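Okay, so here's the structure we're looking at.
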Amino acid sequence: MTLLEYREEIDKIDAEIVKLLEARFTIVEAIAKIKEAEGLPIENQEREAVVLDRIEELSGPHLAEHNRTIFSQIIKSSKEHQGRFLHSKY
């Protein structure tokens with residue numbers, strides 16, 4: 001493959017990642033509603049640890065640390081989104 005072809009493949013993958021993140025954040029909003037109704041806090045460190053450990057298990061050994069870092073940021077953004085979503089009262 002050429003550099004251009006690889007970049008085109010990356011662009012396709014990036015588009016899929018964006019779609020998946022949008023789907024994830026739609027679910028994050030639904031979870032925020034449930035947490036609010038049940039009086040639960042946005043942050044759940046135990047759940048976050050489980051998610052991050054699972055990500056490491058799903059990753060190959062050479063990417064586990066990188067994927068954990070990426071998903072840590074996704075979780076951070078998800079919590080921030082939940083907070084903004086709840087404050088906007090949907």
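Bear in mind that the values here come from a model prediction, so they are computed numbers and not experimental data.
Between the CD1 atom in Ile31 and the CG atom in Asn44 there is a gap of 10.5 Å [rounded to 0.5 Å]. In this structure, Thr26 OG1 and Leu21 CG are separated by 10.5 Å, a value rounded to the nearest 0.5 Å. Atom CG of Leu3 is separated from atom CD1 of Ile10 by 10.5 Å, given to the nearest 0.5 angstrom. Remark: Leu58 CG to Asp53 CG distance equals 11.0 Å, nearest 0.5 Å. In this structure, Leu20 CG and Ile74 CD1 are separated by 10.0 Å, a value rounded to the nearest 0.5 Å. Going from atom CD of Gln82 over to atom OG of Ser77 covers 11.5 Å, rounded to the nearest 0.5 Å.
Evaluation of the salt bridge (charged side-chain N to carboxylate O under 4.0 Å, His left out) rule for Glu48 yields Lys79 as partners, not counting sequence neighbours.
Linking Ile, Leu, Val, Met, Phe, Trp and Tyr residues whenever their side-chain heavy atoms come within less than 4.5 Å leaves Val18 and Val28 in two separate clusters.
Counting only heavy atoms from C-beta outward, the side chains of Leu52 and Ile75 approach each other to under 4.5 Å. Residues Ile70 and Ile55 fail the side-chain proximity criterion, which asks for heavy atoms closer than 4.5 Å.
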Checking Lys19 against Glu16 for the salt bridge (charged side-chain N to carboxylate O under 4.0 Å, His left out) test, could you report, in this order, the C-alpha distance in whole Å, the side-chain angles of both residues, the deciding distance, and whether it holds?
CA-CA 5 Å; Lys19 287 180 191 174; Glu16 288 298 313; 3.6 Å; yes
Full working for salt bridge (charged side-chain N to carboxylate O under 4.0 Å, His left out) between Glu36 and Lys33:
CA-CA 5 Å; Glu36 181 180 49; Lys33 288 179 186 178; over 6 Å; no
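Of all heavy-atom pairs spanning Asn67 and Ser59, the tightest one is ND2-OG, 2.8 Å. Taking both residues in full, the closest heavy atoms of Ala32 and Phe85 are given as CB-CD2, 4.0 Å, listed atom of the first, atom of the second, then distance.
For the ring-ring contact (aromatic ring centres under 6.0 Å, His included) condition, no pair includes a residue of residues 37-79, sequence neighbours left out.
The number of heavy-atom neighbours closer than 6.0 Å to CD of Glu43, taken from other residues, nucleotides and ligands shown, is above 12. For CD of Glu5, the number of neighbouring non-hydrogen atoms (other residues, nucleotides, ligands) closer than 6.0 Å is greater than 12. Enclosure of atom CD in Gln45 is not indicated, since only 12 or fewer non-hydrogen atoms of other residues, nucleotides or ligands lie within 6.0 angstrom.
Salt bridge Arg54/Glu57: absent, no basic N to carboxylate O contact under 4.0 Å.
Only one option out of Gln73, Arg24, Glu29 pairs with Ser78 in a side-chain contact (heavy atoms from CB on, under 4.5 Å); it is Arg24.
A donor-acceptor contact shorter than 3.5 Å links the side chain of Lys35 to the backbone of Ile42.
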